[in-house]
Amino acid sequence: MSGTGGMPRHQQILFGCMVAFLAVAPFVIYPVFLMKVLCFALFACAFNLLVGFVGLLSFGHAMFFGGAAYVAAHGAKVWGLPFELAILAGTATSALLGLAVGALAIRRQGIYFSMITLALAQMIYFFALQAPFTGGEDGLQKVPRGKLLGMISLQNDLTLYFVVAAIFLAAFLAIYRIVHSPFGQVLKAIRENEPRAISLGYKADQYKLAAFVLSATLVGLAGSVKSIVFQLASLTDVHWTMSGEAVLMTLVGGMGTIFGPIAGAVVIITMQNYLAELGSWVTIVQGVVFVACVLAFRRGIVGEIARAIRKPL
Amino acid sequence: MPDIFGIPPQALFGQLLLGLINGSFYAMLSLGLAIIFGLLNIINFTHGAQYMMGAFTAWMLLNWLGISYWWSMLIVPVVVGTFGVLIERTMLRHLYKLDHLYGLLLTFGIALIVQGMYRDQFGSSGLPYRIPDALRGGTDLGFMYMPNYRGWVVAVSLVVCLTTWFVIEKTKLGAYLRAATENPPMVQAFGINVPRMVTLTYGFGVGLAAFSGVLAAPIYQVSPQMGADLIIVVFAVVVIGGMGSIMGSIVTGFGLGIIEGLTKVFYPEASATVIFVIMAIVLLLKPAGLFGRVR
């Protein structure tokens, strides 16, 4: 691998295809659906930053997604914040929450880490259920979309779509940069052999915490954008099933691949769309996909392709 | 009787009893998780779903076949435990050599399937389960009125927990189990069939969850979600206690149930989150858990 250098050719091509697709897609496909996919793709990519490149399986990322969604929605609706500031407020909240939760959770390894993040996310869920500003079971509805930079109205789905696509691409490149920076290389070293990384003089806990906060921040960005797009923040966003969906998307697409979570998000959101009227069967099918992936398809879609062409994707 | 800290004793003891009952379930479920984790190195995310299956199987036996609560206590753990054995034989077995995370992901997926199927079949609203006649009514203890069934639950779960502790810590079978937890290849070399032991251990852990489900059926509504939220609290209990010690799991389970009950009396707003707050504090002060060993 080229280490910390620029994007290799085949990844450049794939990225170019993705940009071209995003530019054309809204004229063919319903933009709100595309925005949903983009929000969840960003969610899964940010989650993958942690599980795929540091080896930390968080089962509580819904707290960052939903927490940011609530703050952004509350900011836009009650405080009348403009679009950018509402997103920023949500993202910053997630970053702070990530700092607190991460500092606690990295004190234990492996399976305990997953259980701790899950338990703390459940605490945030109960908080959201009881706190006065979240609207309880109703959630925060009719969140205004506002104007971009105070000038361009985002009421139009197509306009908002291009803003969301730009945010997504920027965040995607940021994740790419993080993963391929010297910092990212240390993260991978910790994933492969933590005691060895420590003996080489790296403060593993600080690296893990930094990765956790970065991941939480980007998930918060996804959650904030989602609440503005759908003009809704609700308990679904903070529930543990939401964490499970991020895990599922990443697993289906390919843990530890750059493009995998995007593919996973496309597959899972499309599936949910088609199965929506089947009710409980959505959960059952998701469970079956989980089991099938773990037993027979651990590399995920993009992981398998990358193996076939023998190049990292 | 005088008030205690400004709380009428009836309310205080009532909540304490509720806390003890919740604690009974925490103890039995975290015990099962700890035993499974000890030997399989897998966190059984399906545990909550298996507890729910236990309650539903008892409900089906009673309402469809007219089989009483007492028989259910025997039949249900075997039925659901067999389901566990099948899962271990067909799926979990292939994951032992991989990262622990895959076991968590697999059992999470199975939990989704099971919960989805029950929801599809029975809907989301809870179904009532009749308290068996022999345990109806209540007893006046002088300081409080205790519904008989609730006292029964606490007593039975104490017996189950202590028996499990006794078997694991004091018998030859338990010694094999503990040895296999420490060093499976060595125990295998002494001629003990470790894979079969692993299977049976998983089956036992699952059976314990199902048994808790039967006990829970007359108290809580029998519903597909009953295990999902409970299991997250049990995870927190397991983090607080550490999974190294059987007695530790039991003590932590009951203790946290009581603390939760007391929180309901003195500061009800925090009762849903108190266990998670305690988990955070324990992580700060003693990261390995109260009874845990650093591995």
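Because the structure is predicted, anything quoted here is derived from the model rather than measured. Each chain gets a letter, A, B and so on, in the order the sequences are listed, and its residues count up from 1.
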Q: Please test L101(B) against S114(A) for side chain to side chain contact (heavy atoms under 4.5 Å, CB included), starting from the C-alpha separation and ending with a verdict.
A: CA-CA 9 Å; L101(B) 303 181; S114(A) 308; 4.2 Å; yes

Q: Looking at H100(B) and I111(A), what are the two nearest heavy atoms and their distance?
A: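 Smallest heavy-atom distance, with atoms named: CB-CD1, 3.5 Å.
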
Q: What closest approach, in Å, do I284(A) and I113(B) show between heavy atoms, and which atom pair accounts for it?
A: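 Taking every non-hydrogen atom into account, O-CG1, 3.8 Å.
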
Q: Could you check which of A105(A), G110(A), G287(A) has the highest count of heavy-atom pairs closer than 4.5 Å to chain B?
A: G287(A)

Q: Check A228(B) against W240(A) and note the closest heavy-atom contact, atom names and distance.
A: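 That closest heavy-atom pairing would be CB-CZ2, 3.5 Å.
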
Q: Nearest 0.5 Å, what's the CD1-CZ distance between I124(A) and F276(B)?
A: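 These two atoms lie 10.5 Å from each other.
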
Q: Could you measure the distance from the CD1 atom of I275(B) to the CD atom of Q122(A)? Nearest 0.5 Å is fine.
A: 11.5 Å

Q: Strictly under 6.0 Å, is that where the ring centroids of F59(A) and F235(B) end up?
A: no

Q: Roughly how far apart are I106(A) CD1 and L283(B) CG, rounded to 0.5 Å?
A: 11.0 Å

Q: Please flag which part of L251(A) lies under 4.5 Å from any non-hydrogen atom of chain B: side chain, backbone, both or neither.
A: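 For L251(A), the contact with chain B is made by the side chain alone.
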
Q: Specify the closest pair of heavy atoms between M243(B) and Y112(A), including all atoms of both residues, with the distance to one decimal.
A: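 Smallest interatomic distance, heavy atoms only, reads N-OH, 3.2 Å.
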
Q: Based on non-hydrogen pairs under 4.5 Å, which of Q130(A), Q286(A), R298(A) is most in contact with chain B?
A: R298(A)

Q: Please look at V277(B) and chain A and tell me whether the side chain, the backbone, both or neither of the residue comes under 4.5 angstrom of a heavy atom of that chain.
A: both

Q: Is any side-chain heavy atom of L120(A) less than 4.5 Å from a side-chain heavy atom of M279(B)?
A: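 Yes. Closest side-chain heavy atoms under 4.5 Å.
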
Q: Got a second to check how far S243(A)'s OG is from F108(B)'s CZ, nearest 0.5 Å?
A: 8.0 Å

Q: More than 12 heavy atoms of other residues, nucleotides or ligands under 6.0 Å from NZ of K286(B): yes or no?
A: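 Count over threshold, so yes.
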
Q: What are the two closest heavy atoms between L105(B) and F290(A), and how far apart are they?
A: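 It is O-CD2, 3.7 Å.
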
Q: Do other residues, nucleotides or ligands put more than 12 heavy atoms under 6.0 Å from the CZ atom of R196(A)?
A: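 Atom CZ in R196(A) is not crowded, with 12 or fewer foreign heavy atoms closer than 6.0 Å.
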
Q: Within the structure provided, determine whether L118(A) and F45(B) are in side-chain contact (heavy-atom separation under 4.5 Å).
A: yes

Q: Which of the residues I110(B), L284(B), I42(B) is involved in the greatest number of heavy-atom pairs with chain A at under 4.5 angstrom?
A: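 If we count pairs closer than 4.5 Å to chain A, L284(B) comes out on top.
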
Q: For V291(A), which atoms come within 4.5 Å of any heavy atom of chain B: side chain, backbone, both, or neither?
A: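 V291(A) touches chain B through backbone and side-chain heavy atoms alike.
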
Q: Considering residues, nucleotides and ligands other than M271(A), do more than 12 of their heavy atoms fall under 6.0 Å from its CE?
A: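 Above 12, so yes.
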
Q: Please classify the contact between V233(B) and chain A as side chain, backbone, both or neither, with a heavy-atom cut-off of under 4.5 Å.
A: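 Neither part; nothing is under 4.5 Å.
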
Q: Under 4.5 Å between any side-chain heavy atoms of T273(B) and F127(A), yes or no?
A: no

Q: For atom CZ of F126(A), decide whether the heavy atoms of other residues, nucleotides or ligands shown that lie under 6.0 angstrom number more than 12.
A: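 Atom CZ in F126(A) is crowded, with more than 12 foreign heavy atoms closer than 6.0 Å.
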
Q: Quick one: pull up CE in M115(A) and CG in L104(B) and give me the separation to the nearest 0.5 Å.
A: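 If I round to the nearest 0.5 Å, the distance is 8.5 Å.
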
Q: Hey, could you give me the OG1/CG distance between T90(B) and L295(A), rounded to the nearest 0.5 Å?
A: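 Taking OG1 in T90(B) and CG in L295(A), the distance rounds to 8.0 Å.
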
Q: Can you give me the closest heavy-atom contact between R108(A) and P287(B), atom names plus distance?
A: NH1-O, 2.6 Å

